[in-house]
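Keep in mind that what you see is a predicted model, and the values were worked out from it rather than measured. Quick note on labels: first sequence line is chain A, next is B, and so on, each numbered from 1.
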Amino acid sequence: MKLKYLKYTTEELIDNKHFRAWILHGKKQEKWKEYTNQFPEFEEKVQRARKIILFLHENGTNSQSATVHELWNEIQQYNKNINRRKQFIRFGGYLKYAAVVVFALFLAGVGYHVLRNDDSIYHFSENSATQGGNDAKLVLSNGQHIALRKNESSIRVDNTDDAIKIDNDSVINMAQLDAHNNGQGLNEVTIPYGKKSYIELTDGTKVWLNAGSKFAFPTRFTGKKRLVYLTGEAYFEVKHNDKQPFEVSVEGIIVKDIGTRFNISAYDSDENIETVLLDGEVSLKKAEGIDLLNKEIVMMPGHKASFDKTNKAFKVVPEPNADQYITWIHGWYQFSGQRIDDVFKRLERYYNVKFIYRRPFPSSELIAGKLDLKDSLNQVLTTISDIVPIDYRISGNQVIVNQKVNELNPRN
Amino acid sequence: MTDDRKIWNDFKSSKDYALSHIYHHHIDLLFRYGRKFSRDEDLIKDAIQELFFDLIRNRESLGDTDNIRFYLLKSLKNKIIKTLQKDQKSLHQVTEITEPKFSSVYSHEEDLIERENRERNEQLLLKGLNELSPRLREILFYRFTCELDYPEICDIMSIRYDSARKMVFRALRTLREVLSASDIMLFFLLKSC
């Protein structure tokens with residue numbers, strides 16, 4: 001830094017971009033501090049300039065958050081309408097159902113159970129088993145537990161050998177398994193935080209299962225459709241079969257493949273179930289509810305469908321970065337325009353840790369980047385703290401995050 | 001500012017995060033800015049809404065910018081002026097800042113003395129600010145609240161570079177004097193304790 005700043009008047013300091021960058025954002029803190037420590041007169045000017053800068057920076061009333069929110073909703077709605085006009089997503093028309101609504105609602109009271117779609121009803125054996133401390137395991141339809149010891153285990157249902165192979169060792173004889181329950185039962189894979197798994201199903205469909213997920217599948221697909229169940233996140237490469245469609249049932253919705261690569265993220269802790277389509281075509285519908293009203297939404301490649309679990313509504317938007325959603329299968333995590341707390345949520349799953357926020361934290365800040373998940377958590381956090389003003393401390397399986405404190409910034 | 005360019009381009013290519021980013025990063029400032037022209041909150045809200053609707057509708061044909069804030073401020077100013085002229089009200093007739101509330105994120109953590117100190121400073125500066133002409137207040141807002149460059153300020157206020165600088169320094173001097181006067185007073189107060 002240049003000595004010329006020492007000769008600056010208070011006004012000149014205030015008007016100086018670099019000086020303001022220090023006061024407001026803590027840029028080049030050490031160098032400025034050197035001067036203020038050395039020259040008390042300069043320090044006096046700095047203090048005065050600082051008060052004025054902070055005052056002018058904050059000046060004005062804050063907006064009513066309700067108004068801001070309301071306005072945002074209107075803008076978002078408008079955006080949606082414009083997009084819908086431009087998109088080639090086929091939505092079933094609303095109006096043609098209008099006449100049926102009254103009738104159907106009446107029916108709902110009477111024959112609700114009859115008309116319900118039963119595919120959604122599957123309960124994983126242990127509901128909250130995805131938290132830390134649990135081991136990865138496969139529970140077979142006959143109740144047998146098999147531990148998955150590797151961090152990235154693979155499970156293959158091999159038709160030619162008639163066996164389920166784990167990490168390429170033949171373990172389970174399928175004929176025996178079928179004899180036990182007529183081939184009807186489901187096998188369940190549980191992958192805790194910090195681990196991953198790859199599963200090849202009997203029809204050749206490939207499934208990558210991400211940390212903190214559960215997946216249930218039959219040994220053989222015998223019915224009219226190939227139905228599997230998921231909570232958590234998985235990426236699918238489906239072997240298409242017109243006669244026997246592939247369906248994934250995820251907490252309240254059903255994703256049906258029409259020849260496809262797609263990624264589903266449906267963690268309990270997330271508000272939305274996200275389906276990203278890379279290739280082919282999938283259709284989505286709510287699992288519960290009355291079939292008449294249950295519109296099927298057909299997605300095109302390069303789009304993302306979010307299902308809001310509270311409002312039970314779908315929203316489909318173009319996703320130019322669709323590829324980024326499956327980078328996790330290769331062991332890295334790429335994102336753009338992601339909320340920082342969402343990024344941390346992901347890291348919690350990969351590293352099996354818990355983030356704790358202290359003080360006001362810029363959780364809604366959007367960041368973009370690419371993280372190598374083979375790096376240690378410490379390395380990953382160092383990378384993040386280069387772009388976001390945070391301090392962090394890892395203690396055990398907790399990560400304590402603070403907004404970076406700028407010694408001089410809190411106003412006095 | 002390259003960030004702005006990327007976000008703007010993402011917005012133009014219909015990435016939804018970009019719209020959200022642009023809105024939430026600038027909305028407070030836009031409201032504050034709007035209040036400099038009118039106290040009619042609905043008018044401001046409508047103008048901002050119209051501004052965003054325009055952006056969304058014309059997103060493909062928008063020009064480039066590497067300063068979104070400036071782009072938004074300038075567009076909003078045009079919108080509001082148009083509305084005001086329609087309503088037969090002249091610009092700057094009703095101006096600004098009656099009683100700003102200085103809510104602060106840190107307030108609950110500060111100790112009492114610190115807060116009183118800060119509030120005292122803010123009261124003083126506010127008094128100083130109110131002594132300034134609307135034009136000077138406007139330029140301070142652009143320069144230090146919106147962090148615009150001089151060329152941008154000249155553009156938005158239709159003034160020349162040297163007069164912009166002169167105005168900024170004149171306004172800052174007033175504020176600085178208000179503060180120094182009070183420091184001397186405080187010094188005596190402390191001595192007499």
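Taking the six-membered ring where tryptophan is involved, the planes of A/Trp72 and B/His24 are perpendicular, since the angle between them exceeds 60° and thus also 30°.
Side-chain atoms of A/Asp15 and B/Tyr150, non-hydrogen and from C-beta on, do get closer than 4.5 Å to each other. Within the 4.5 Å cutoff, the side chain of A/Leu56 has heavy atoms near those of the B/Leu175 side chain. The closest side-chain heavy-atom distance from A/Lys51 to B/Leu124 is not below 4.5 Å. With a 4.5 Å cut-off on side-chain heavy atoms, A/Phe55 and B/Leu140 do not count as touching. Side-chain contact between B/Arg176 and A/Ile14: absent, with no pair of heavy atoms (C-beta onward) separated by less than 4.5 Å. The side-chain heavy atoms of A/Gln76 and B/Tyr23, taken from C-beta on, include no pair separated by under 4.5 Å. With a 4.5 Å cut-off on side-chain heavy atoms, B/Leu19 and A/Ile75 count as touching. Between A/Glu74 and B/Lys45 the shortest side-chain heavy-atom distance falls below 4.5 Å.
Between the CG atom in B/Leu172 and the CD atom in A/Glu12 there is a gap of 10.5 Å [rounded to 0.5 Å]. Here the CD1-CG distance, from B/Ile44 to A/Leu71, works out to 11.5 Å after rounding to the nearest 0.5 Å.
Across every non-hydrogen atom of A/Glu11 and B/Phe169, the tightest pair is CB-CD2, 3.5 Å.
Scanning for side chain to side chain donor-acceptor pair (under 3.5 Å) contacts around A/Tyr325 gives A/Lys304, A/Glu319, with sequence neighbours left out.
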Step by step, would you call A/Asn79 with B/Arg57 a side chain to side chain donor-acceptor pair (under 3.5 Å)? CA-CA 8 Å; A/Asn79 183 44; B/Arg57 205 172 38 242; over 6 Å; no
Verdict with reasoning, A/Thr9 to B/Arg173, per side-chain contact (heavy atoms from CB on, under 4.5 Å): CA-CA 10 Å; A/Thr9 63; B/Arg173 205 179 73 205; over 6 Å; no
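Heavy atoms of B/Leu125 lying under 4.5 Å from chain A belong to its backbone as well as its side chain. Only the side chain of A/Arg20 comes within less than 4.5 Å of a heavy atom in chain B; its backbone stays farther off.
Legend: ring pair (Phe, Tyr, Trp, His ring centres under 6.0 Å) pairs involving residues 54-77 of chain B, not counting sequence neighbours, sorted by first then second residue: B/Trp8-B/Tyr71.
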